[in-house]
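We count residues from 1, following the sequence as given. Just so you know, ligand 1 is whichever comes first in the structure, and atom 1 is the first atom listed for that ligand. What you are looking at is a predicted structure, and each value in this text was computed from that prediction instead of being measured. No hydrogens, no waters, no symmetry mates; every other heavy atom, side chains included, goes into these values.
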Amino acid sequence: MPRVALCGFGTVGQAVAAAWARAGVPARVAVVLVRDAHRSRPVAVPAGAELTTDPQRVLAAAPDVLLELTGDVDLGLRLGRAALERGVPVVTASKQLMARHGPELLALAAQREAALRFDAAVGGGMPVVPLLAHALRGDRVQRLVAVLNGTTNLILDRMATEGVALEAAVAEAQRLGLAEADPSSDLDGHDAAAKLVIVAALAFGAWPAPDAVRPAGIRGLTPALVRTAGARGYAVRLLAEAERLPGPDGGPAEVALRVAPGLVPAAHPLAAVRGGGNGAVLELELAGPVALSGLGGGGAPTASAVLSDLWIVLDDRDRGRRPWVGPVARGLAVVGGGGGSRASLWHVRPRGPGPAR
Ligand code: HSE
């Protein structure tokens, strides 16, 4: 039976272990990498697995697949590089790892013909990565607008419905295992910006620079402002937007990227994204508008994406199929770059998802 290295045993790692048997994964966890071997955890380390705090032990255990769920970019990079160098496929949930080092790791994956999959890095249980990577290969994204951060959505939703202050809503997001270890990354838009970088690479075929998006976060928003917007027929959302623009003088296309709080009309699909949810509305050249939504983070939804990627890796391995490798090109031409420092709200353009063509 294939051997899996489970690196990271926090919210996501434990949710993966808890769902393992039910998911019927035809592999066993051979080694679990943790930061603290003595900490008590709600979910037991899988029976028979070696528990270690030493990253060197992970590859010494000769895994067939490595699950990178550490939430630590430097460690994730070292593990990812070491695994791919040896041709060991990697499944990661780390958006920061992919946003900052995606092109390098994918180039290595391509060279070694080892999978590097990252469905769990964006959208939690909302399958926006597989949609862009596989389902839309015959089409072209013109524009997308999305809610990619569950913590800020939960905060904005609680402000709108209960008038809850930001701090109290952050505490709730932390209790739900949704907020980052340092919630500034959520509040200031950096988490959504990293996810938008990944989405843009998949949608447009090349990676923007990791710092191409300068987000505007939600710290300036108050319950009173959010409720006033609600009374006028708008929901406030932290919006991540990408749009393909015609290149100057018929040259290669450019892309506009932005992360900033915005107003969406009550009838827009993103207004229906409640609590810690995520949502995305894509405008496609052939298919027209496509909307999706789902639970954007937390243990179980993210575990669903990790397990789905693991199944694909195991299936490919069984059938001797070459793995899918995401975009490796860098240098996506970005104009604008984001919400900047403005805290003002912008409107989703009225030409959002129209009636089916
Ligand atoms: N902190 C992230 C969020 C977790 O709130 O969306 C999921 O990536």
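Remark: distances from the non-hydrogen atoms of Gly296 to ligand 1 include one below 4.0 Å.
Each of Leu202, Leu284, Val255, Val290 was scored for a side-chain contact (heavy atoms from CB on, under 4.5 Å) with Val141, with one residue passing: Leu284.
If you chain together hydrophobic residues whose side chains sit under 4.5 Å apart, Leu66 and Val313 never meet in one group.
Listed here is the closest heavy atom pair of Val264 and Leu270: CG2-C, 4.2 Å. Taking all atoms of both residues into account, the shortest heavy-atom contact from Val273 to Val147 is CG1-CG1, 4.4 Å.
Here is the list of ligand 1 atoms found below 4.0 Å of a heavy atom in Asp186: 1 (N), 2 (C), 3 (C), 5 (O). Remark: ligand 1 atoms within the under-4.0 Å shell around heavy atoms of Lys195 are 2 (C), 3 (C), 6 (O), 7 (C), 8 (O).
At a 3.5 angstrom cut-off on N or O pairs, Ala179 does not count as close to ligand 1. Considering backbone and side-chain atoms together, Asn278 places no N or O closer than 3.5 Å to any N or O of ligand 1.
Salt-bridge check for Lys95 with Glu180: passed, with a basic side-chain N closer than 4.0 Å to an acidic carboxylate O. Look at Glu254 and Arg244 and you find no salt bridge, because none of the NZ, NE, NH1 or NH2 atoms lies under 4.0 Å from a carboxylate O.
Residue, atom and distance of the protein heavy atom nearest to atom 5 (O) of ligand 1 are Thr151 OG1, 2.7 Å. For atom 1 (N) of ligand 1, the closest non-hydrogen atom of the protein is Glu180 OE2, 2.6 Å. The single protein non-hydrogen atom nearest to atom 6 (O) of ligand 1 is Gly150 N, 2.8 Å, given as residue, atom name and distance.
For Ser184 and Asp182, the side-chain atoms include at least one donor-acceptor pair closer than 3.5 Å.
Ranked by closest heavy atom to atom 4 (C) of ligand 1, the top entry among Asn149, Asn153, Leu176, Leu178 is Leu178.
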